[in-house]
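See structure below.
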Protein chains: 2
Amino acid sequence: MIEAVSPLPPADVLHVRDTCLCFAAQRAARKLARRFDAAFRPLGITNNQFSLMMRLSVPKPTTVSELADFLGIDQTTTTAALKALERGQLVILTPDDKDKRIRRPALTAKGANLMHAALPIWRAEHAQLDVELAGKSTVIRTALDRLAAPTPPSPNRKD
Amino acid sequence: MIEAVSPLPPADVLHVRDTCLCFAAQRAARKLARRFDAAFRPLGITNNQFSLMMRLSVPKPTTVSELADFLGIDQTTTTAALKALERGQLVILTPDDKDKRIRRPALTAKGANLMHAALPIWRAEHAQLDVELAGKSTVIRTALDRLAAPTPPSPNRKD
DNA sequence: TTCAAAAACATTGATATCAATATTTATAAT
DNA sequence: ATTATAAATATTGATATCAATGTTTTTGAA
């Protein structure tokens, strides 16, 4: 059996590097994460925690799974994220009366106060980002939403 | 001292939810990561490992730091990623002759072979993605590259 | 009613990520 | 030549992420 040990053709490598949307998305997301993490650092929260708690700022009752859906993350990731916020007393999880499987996450007073402090920070950072993107923000967000949209059904895909 | 315990105004919450580029980027990146992770799973690698090894498929000698720069990740993250690939014998780290601080990562024969198997998988998955995006791929990639671009210098920012 | 299937959440193990910090080596200034 | 600084990499500790799997509770079908 002949095994290839040669490197890939340079043209192929360059093509992947210059066109891969997955790679481009990871890189862009990391960059923005670092940026907003830095902005929120004085408050002791990350950009992820901000997004999660922003969802909890809507009075509507929520579940762990609904939260996961909204954030686009796994349910197990959500459980882990909530645990950290619980430790910091920013979020409290209350068992549901009707359905004993459900634990409803909600902001504590401390968490709500923190969001009041976080909002102007988000505003300032995002305004600066908008300036840097010179009017392209909407186009970019539309593109990102498209990437996050559910995969359209296809006869070739087994989900 | 009066402390606000009320939730944020619903209009503010919705505005953040609907406009935050950081959140949109995280969600899109996670979605694509899951997708390509699944595609590469038969090979036992992740989308991140694919991107890293793709860079190593360029014959040009590299360093850990240069790799970090290219991937847009921290140098410490790169060290950790290389460690996993080393364990799998897909990558080997060789001390540099001239500069004893430098360890040069390179694909092993096993790693190169794996990339030969990975390329058609990437092609197929990306082609499918392109179809789903209905001709918007280039626009989207341009947007992502813009987000990943270095922050333009500003008198207000201290880097 | 009983019981199988589904739903909600948690746990484990692995990679991924970065800030803060440490270590080793090279470079530049004195 | 010494020494201070910078550069390259590694380590630690925390959150982030998901697949696989387990547990408890609910729901639906026989």
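Please read all numbers here as calculations on a predicted model, not as lab measurements.
Within the structure, salt bridge (Lys or Arg N to Asp or Glu O under 4.0 Å) pairs that include any residue of residues 56-77 of chain B comprise B:Arg55-B:Glu66 (at least two apart or interchain). Residue pairs meeting the ring-ring contact (aromatic ring centres under 6.0 Å, His included) criterion with at least one partner in residues 62-106 of chain B, sequence neighbours excluded, are A:Phe23-B:Phe70.
The side chain to side chain donor-acceptor pair (under 3.5 Å) test applied to A:Thr77 returns no partner, not counting sequence neighbours. Every residue two or more places apart in sequence or in another chain that forms a side chain to side chain donor-acceptor pair (under 3.5 Å) with A:Arg101 is listed here: A:Asp99. For A:Thr142, the side-chain contact (heavy atoms from CB on, under 4.5 Å) test picks out A:Thr138, with sequence neighbours left out. Among residues two or more places apart in sequence or in another chain, the side chain to side chain donor-acceptor pair (under 3.5 Å) test is passed with B:Arg103 by none. Take A:Arg123 and apply the side-chain contact (heavy atoms from CB on, under 4.5 Å) test, not counting sequence neighbours, and it matches A:Leu119, B:Asp12.
No side-chain heavy atom of B:Val16 sits less than 4.5 Å from a side-chain heavy atom of B:Leu8. Within the 4.5 Å cutoff, the side chain of B:Lys110 has no heavy atoms near those of the B:Leu114 side chain.
Atom CG of A:Asp96 and atom C1' of D:dT26 are 12 Å apart (whole Å). Atom pair B:Lys98:NZ and D:dT9:P shows a separation of 16 Å (rounding to whole Å applied). If you measure from atom CD1 of B:Ile102 to atom C1' of C:dA26, you get 10 Å, rounded to the nearest angstrom. Put simply, CG on A:Asp99 is 6 Å from P on D:dT27, counting in whole angstrom units. Between B:Asp37 atom CG and C:dT15 atom C1' the separation is 9 Å, expressed in whole Å. Taking atom CZ of B:Phe40 as the reference point, atom P of D:dC18 lies 17 Å away to the nearest angstrom.
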Protein N or O to nucleotides 4-7 of chain D N or O, pairs below 3.5 Å:
from  : atom 1 : to       : atom 2 : distance (Å)
D:dA7 : N3     : B:Arg101 : NH1    : 2.8

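Side-chain nitrogen and oxygen atoms of B:Arg103 include at least one within less than 4.0 Å of the OP1 or OP2 phosphate oxygen of D:dA10. Within the 4.0 Å cut-off from OP1 or OP2 of D:dT17, not a single side-chain nitrogen or oxygen of B:Arg34 is found.
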Which atom pairs, one a donor and one an acceptor, fall under 3.5 Å between side chains of residues 79-93 of chain B and the rest of the protein, sequence neighbours left out?
from    : atom 1 : to      : atom 2 : distance (Å)
B:Thr79 : OG1    : B:Gln75 : O      : 3.3
B:Thr79 : OG1    : B:Gln75 : NE2    : 3.3

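Classification of the B:Phe40-B:Phe50 ring pair by plane angle, with boundaries at 30° and 60°, yields parallel.
Across residues 16-27 of chain B, not one residue has a non-hydrogen atom less than 4.0 Å from an atom of DNA chain C. Listed by residue number, A:Gln75, A:Thr76, A:Thr79, A:Lys83 are the residues of residues 67-94 of chain A with a heavy-atom contact under 4.0 Å to DNA chain C. Proximity of residues 46-55 of chain B to DNA chain C (heavy atom under 4.0 angstrom from any strand atom) is restricted to B:Thr46, B:Asn48, B:Gln49.
Between the CG atom in A:Asn48 and the CG atom in A:Leu52 there is a gap of 8.5 Å [rounded to 0.5 Å]. The CG atom of A:Leu147 lies 9.5 Å from the CZ atom of B:Arg35; values are rounded to the nearest 0.5 Å.
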